[in-house]
There are 2 protein chains.
Amino acid sequence: MPKNKTKPISTAIEDYLKAIWLVAQDASASTNDLALQLKISAPSVSSMLGKLREQNFVHYEPYRGVRLTEKGEREALRLLRRHRLIETFLLEHLGYDWGEVHEEAEKLEHAVSDTFTERLDTFLGHPSHDPHGDPIPTLKGKLPVTPNTPFAELSIGETLKIARLMSQDKDVLTYLKSLAIEPSKELQLVKREPVGGLVHVEIDGAETVLSKELAMLIRGEVIV
Amino acid sequence: MPKNKTKPISTAIEDYLKAIWLVAQDASASTNDLALQLKISAPSVSSMLGKLREQNFVHYEPYRGVRLTEKGEREALRLLRRHRLIETFLLEHLGYDWGEVHEEAEKLEHAVSDTFTERLDTFLGHPSHDPHGDPIPTLKGKLPVTPNTPFAELSIGETLKIARLMSQDKDVLTYLKSLAIEPSKELQLVKREPVGGLVHVEIDGAETVLSKELAMLIRGEVIV
DNA sequence: ACTTTATTTTAGTTATGCCTAAAAATAAGA
DNA sequence: TCTTATTTTTAGGCATAACTAAAATAAAGT
Ligand SMILES: [Mn+2]
Ligand SMILES: [Mn+2]
Ligand SMILES: [Mn+2]
Ligand SMILES: [Mn+2]
């Protein structure tokens, strides 16, 4: 008789699955990428990948990279849902700022039950995106579509309805907020510097300048 | 040179300290008591007690029971504060009922930071007691005083202002709630059965009967 | 006091999940 | 292609925290 015992999913495994999902959206992730992302040594990662394969969370051949199975992706998205709902709660109801949120959510995501998650979802009003526009996976594991055009790619005179700020970095998010650059706001491209990629933008009637890097992080939909 | 490295307090250690606090309020706790309370085998408990002593969380001599040091009690109360604030949040804001609350809090209490705890405390309006009247330790580790006279000890005609329901049991709490017996309510002793200890009580103008056991769980302060 | 019972500790194992050092495989450069 | 550098895996260890079986101690019963 085959041992068909379903082992519990540990905190460590959950974090690996999420890391693989983040690092290898479509392609496959390398051991090193994951070691970097998780701040764990490469040998430890290598060993864990073997265990993840045994439990059918990933496709993995030594030396050839790793990607999630359907089962693995389901778990990754379930964790991501918890993470982003928790972040939303911390920011909107407990007065957290961007520097503190992620670290707290990184721990809490492993401790909350499905019941908690769905009650929190209701409490928050079933948000589709977190406060900086990251899509919150649904209970069924679907990712709500999110306009994704980088502001950096607009033509002069065009306006972007901001949907998302593609950064986890406290300083970046705080800085953008200080410029009123937030999801649902509208941002117009006024002028582009010939060299260096600096862009002049208008938001709320005021004009500012953004680096090319920042302009790449601002995503949304071009309007009229 | 003495190794003076302060080790992190694990989830397991936290639960042991809380269990010792609960089991041995003033006296000392036996290995067996703790094994029962924690649902862990006696040998495991015995071994952990040794480690707790090494780290100065407890006074412990083999075969002679265990009690918390000041350091141990501080940690126990810090955890209890987290536990009770979390339970309050679950009950008052997420629509949990008594059957679900404790299990969720038992896990979350280990995952939340001090920052989270104090922000939650603010969010909840700095409650001194949780919804069934258990005192919430303060940030400084003080337990707010809580009237503790059992209803069972009243004389005929006396009234108890309910402060606390001394039970963790879902069925008990749900049943009492169904009778409108809750903290801050007033409960009068109408009559006592000569045998068996049944008591007739009046609350909100209605009359009911309570067993002696239940009457012992209802604590508060005798008024006028 | 002596014997039986109950409690508690010791001994030995197991499972996770991390680490460093060394070996092996792959990728890059001459 | 051959050599060097990088990446990844293997080997060996350690810490935590649980378990069962057996031994030791303490408590109760006669
Ligand atoms: Mn995050
Ligand atoms: Mn995490
Ligand atoms: Mn509780
Ligand atoms: Mn706990």
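Residue numbers start from 1 in every chain, and the chains themselves are labelled A, B, ... in the order their sequence lines are given, proteins ahead of strands.
Between B:R82 and B:E14 there is a salt bridge, since at least one side-chain N of the basic residue sits less than 4.0 Å from a carboxylate O of the acidic one. Under the 4.0 Å criterion applied to side-chain N and carboxylate O atoms, B:R81 and B:E118 are assigned as salt-bridge partners. Salt bridge status for A:E103 with A:K170: absent, with no side-chain N to carboxylate O gap under 4.0 Å.
At D:dT16, one or more side-chain N or O atoms of B:K7 fall inside 4.0 Å of OP1 or OP2 (strictly under the cut-off). For A:S46 and D:dT9, the shortest distance from a side-chain N or O to OP1 or OP2 is below 4.0 Å. Between A:S47 and the phosphate of D:dT10, there is no side-chain N or O to OP1/OP2 separation shorter than 4.0 Å. Taking 4.0 angstrom as the limit, A:S30 places none of its side-chain polar atoms (N or O) nearer than this to OP1 or OP2 of D:dT7. Checking the phosphate oxygens (OP1, OP2) of D:dT6, no side-chain nitrogen or oxygen of A:N32 falls inside 4.0 Å. For C:dC19, one of the phosphate oxygens OP1 or OP2 lies less than 4.0 angstrom from a side-chain nitrogen or oxygen of A:S41.
For B:Y63 and D:dT25, the OH to P distance is 6 Å, given to the nearest whole Å. In this structure, the NZ atom of A:K51 is 9 Å from the C1' atom of C:dC18, given to the nearest Å. As rounded to whole Å, 11 Å separates atom C1' of D:dT7 from atom CG of A:D33. The nearest whole Å value for the distance from the CD atom in A:E61 to the P atom in D:dT8 is 15 Å. Here D:dA17 presents its P atom at 9 Å from OH of B:Y16, a figure rounded to the nearest Å. A straight line from NE2 of B:H110 to P of D:dT16 spans 18 Å, rounded to a whole angstrom. Protein atom CG of A:L52 is 12 Å distant from nucleotide atom P of D:dT9, rounded to whole Å. Summarising the geometry, the separation between CZ on A:R64 and P on D:dT9 is reported as 12 Å, rounded to the nearest angstrom.
Across D:dA17, D:dA21, C:dC18, the shortest atom-to-atom separation from the side chain of B:P43 is found for D:dA21. When each of D:dT9, D:dA17, D:dA18 is scored by its nearest atom to the side-chain atoms of B:I40, the top-ranked nucleotide is D:dA18. Comparing C:dC18, D:dT7, D:dA18 by their nearest atom to the side chain of B:S44 picks out D:dA18.
When ring centroids are compared, A:F89 and B:F89 come within the 6.0 Å threshold.
At the heavy-atom level, B:A12 lies under 4.0 Å from the strands shown only through sugar-phosphate atoms.
Taking NE2 of A:H110 as the start and CD1 of A:I13 as the end, the distance is 11.5 Å to the nearest 0.5 Å.
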